[in-house]
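Computed over heavy atoms, backbone and side chain alike; hydrogens, waters and symmetry mates excluded.
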Amino acid sequence: MSEDPRRSIRALLELQETGKDRFTAPTPAEGPPRLFGGQVAAQALRAACATVEEARPVHSLHSYFIRPGRPDSAMELVVERTRDGRSFTTRHVTALQEDKAIFTLTASFHAPEEGTDWQLPAPEAERPTDAARHSPSEPFATFWRDSFFLIQSLSGSSQRPLLHPAWIRLAEDIGDDPVLQACALTYVSDMAVVFAARAPADRIGFGGGGASLDHSVWFHRPFDIRRWLLFSVDAVTNYGARGLARGTFHTEDGALVASLAQEGLLRPTGGPRWPADIEAQMRAQMEAGTAP
């Protein structure tokens, strides 16, 4: 019997093959009124990986969110085999609900090669502890209660959503399969990025909302999502109703294992507000120049 997809990321990634390069993915009814973007991206990557030989791991993905996904509504993933080269493989995936595209993803796979191993220095951060899951107040209590990940935010507050930087790791054991590992990192790579893309002054009093427009991930080095990774995202620019954020994942030893970039839609309405005491704390930090 399959695991309950509401409680297992492995079960969310169990796709049903319905034809050549066509799959259906679980979309549990429980949770927010629209599918979490990281879930759809992870499932689309899983479909792409199903059409590529195991010896050629994914090294990057680039995606666009076209329409909000609906929970408890059948989702089909259609894979196009764009190219199979000597060193690189390219796949394009379209996610459909009711025959309408809600999401597209292009993934590139690279046969391992020898080369220089170099990176910028890792950020300094307090090492993670055996922290439990967050138990924040509304409006984020349900989101964190159902999260597949353990979170330890370096902001020091458990009453906010994930504020970057934070240590994260998957709570369940999905084994060593690099495909499942990459899909799980893709899932969490969309977490709280839209909020992080906001200009610092615009975060005060605004608890969430907005929407991901596009999302890219680059996989640099092997990693284990079951071990702590430092997940850090910073705003780059805001203009009009859009904001760009860039982020990284580092191991405890400082190895850069993945990077991300995302543009978000940052309209000022439609999101929940912080509780008054948290809003006051954020305003005080902003005035003191210590806001995350």
key: Partners meeting salt bridge (charged side-chain N to carboxylate O under 4.0 Å, His left out) with R22 (sequence neighbours left out)   =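 Per chain and number, R22 pairs via salt bridge (charged side-chain N to carboxylate O under 4.0 Å, His left out) with E76.
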Closest heavy-atom contact between [X] and [Y]?
| X | Y | value |
| --- | --- | --- |
| Q39 | P28 | NE2-CD, 4.3 Å |
| L185 | A258 | CD2-CB, 4.0 Å |
| P68 | Q97 | O-OE1, 4.4 Å |
| L213 | G264 | CD1-C, 4.0 Å |
| R56 | G85 | NH1-O, 2.8 Å |
| V93 | A48 | CG2-CB, 3.8 Å |

request  = Just do the side chain to side chain contact (heavy atoms under 4.5 Å, CB included) check on T251 and W228 with the steps written out, would you?
outcome  = CA-CA 7 Å; T251 66; W228 289 110; over 6 Å; no
Drop me the distance from [X]'s [atom1] to [Y]'s [atom2], to the nearest 0.5 angstrom.
| X | Y | atom1 | atom2 | answer |
| --- | --- | --- | --- | --- |
| T237 | R242 | OG1 | CZ | 9.5 Å |
| Q262 | D214 | CD | CG | 7.0 Å |
| R83 | T90 | CZ | OG1 | 6.5 Å |
| S60 | F219 | OG | CZ | 8.5 Å |
| C49 | E54 | SG | CD | 10.0 Å |
| R169 | E252 | CZ | CD | 9.5 Å |

Counting C-beta onward and ignoring hydrogens, is there a side-chain heavy-atom pair between [X] and [Y] closer than 4.5 Å?
| X | Y | answer |
| --- | --- | --- |
| L260 | F231 | yes |
| E80 | T94 | no |
| T104 | Y64 | yes |
| P222 | V257 | no |
| E98 | R70 | yes |
| P165 | L154 | yes |

Full working for side chain to side chain contact (heavy atoms under 4.5 Å, CB included) between E17 and T24 = CA-CA 7 Å; E17 189 170 4; T24 58; over 6 Å; no
request  = Under the side chain to side chain donor-acceptor pair (under 3.5 Å) rule, what do T106 and H92 come out as? Steps first, then yes or no, please.
outcome  = CA-CA 4 Å; T106 299; H92 183 80; 2.9 Å; yes
query = According to the interplanar angle, ranging from 0 to 90°, do the rings of H59 and H110 count as parallel (below 30°), tilted (30 to 60°) or perpendicular (above 60°)?
reply =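 Answer is perpendicular, since the angle exceeds 60°.
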query = Going by the angle between their ring planes, with limits at 30° and 60°, are F149 and Y187 parallel, tilted or perpendicular?
reply =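 Judged by the thresholds at 30° and 60°, the geometry between F149 and Y187 is parallel.
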Testing the 3.5 Å rule here: is there a donor-acceptor pair between the side chains of [X] and [Y]?
| X | Y | value |
| --- | --- | --- |
| H62 | S216 | yes |
| S63 | H215 | no |
| T27 | D72 | no |

With the 4.5 Å side-chain cut-off for hydrophobic clustering, are [X] and [Y] part of the same group?
| X | Y | result |
| --- | --- | --- |
| L45 | F148 | yes |
| L15 | L35 | yes |
| W218 | F249 | no |
| W167 | L150 | yes |
| F36 | F65 | yes |

Please indicate whether [X] has more than 12 foreign heavy atoms, meaning atoms of other residues, nucleotides or ligands, lying under 6.0 Å from its [atom1].
| X | atom1 | answer |
| --- | --- | --- |
| E126 | CD | no |
| R81 | CZ | yes |
| R246 | CZ | no |

request  = Verify side chain to side chain contact (heavy atoms under 4.5 Å, CB included) between V79 and F23, making sure each step is shown before the conclusion.
outcome  = CA-CA 8 Å; V79 183; F23 307 85; 3.9 Å; yes
Taking [X] for the side chain and [Y] for the main chain, is one N or O donor matched with an acceptor at less than 3.5 Å?
| X | Y | result |
| --- | --- | --- |
| Q43 | L12 | yes |
| D177 | V179 | yes |
| N238 | A199 | yes |

query = Under 4.0 Å between a Lys/Arg side-chain N and an Asp/Glu carboxylate O for R10 and D173?
reply =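 The answer is no: the pair does not qualify as a salt bridge.
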ask   = Under the side chain to side chain contact (heavy atoms under 4.5 Å, CB included) criterion, do R226 and Q181 qualify, and how do the steps go?
value = CA-CA 9 Å; R226 299 165 297 182; Q181 291 272 339; 3.8 Å; yes
inquiry  = Between R91 and D21, does the salt bridge (charged side-chain N to carboxylate O under 4.0 Å, His left out) criterion hold? Intermediate values first, please.
reply    = CA-CA 11 Å; R91 295 291 185 263; D21 299 341; over 6 Å; no
ask   = Does F109 have its ring centroid less than 6.0 Å away from the ring centroid of F88?
value =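 No; F88 has its ring centre 6.0 Å or more from that of F109.
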inquiry  = List the residues meeting side chain to side chain contact (heavy atoms under 4.5 Å, CB included) with A184, not counting sequence neighbours, and say none if there are none.
reply    =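 Expected list: I9, L170, I174, I225.
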key: Partners meeting side chain to side chain contact (heavy atoms under 4.5 Å, CB included) with H250 (sequence neighbours left out)   =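 Result, side chain to side chain contact (heavy atoms under 4.5 Å, CB included) vs H250: Q119, A122, P123, L230, T248, L256.
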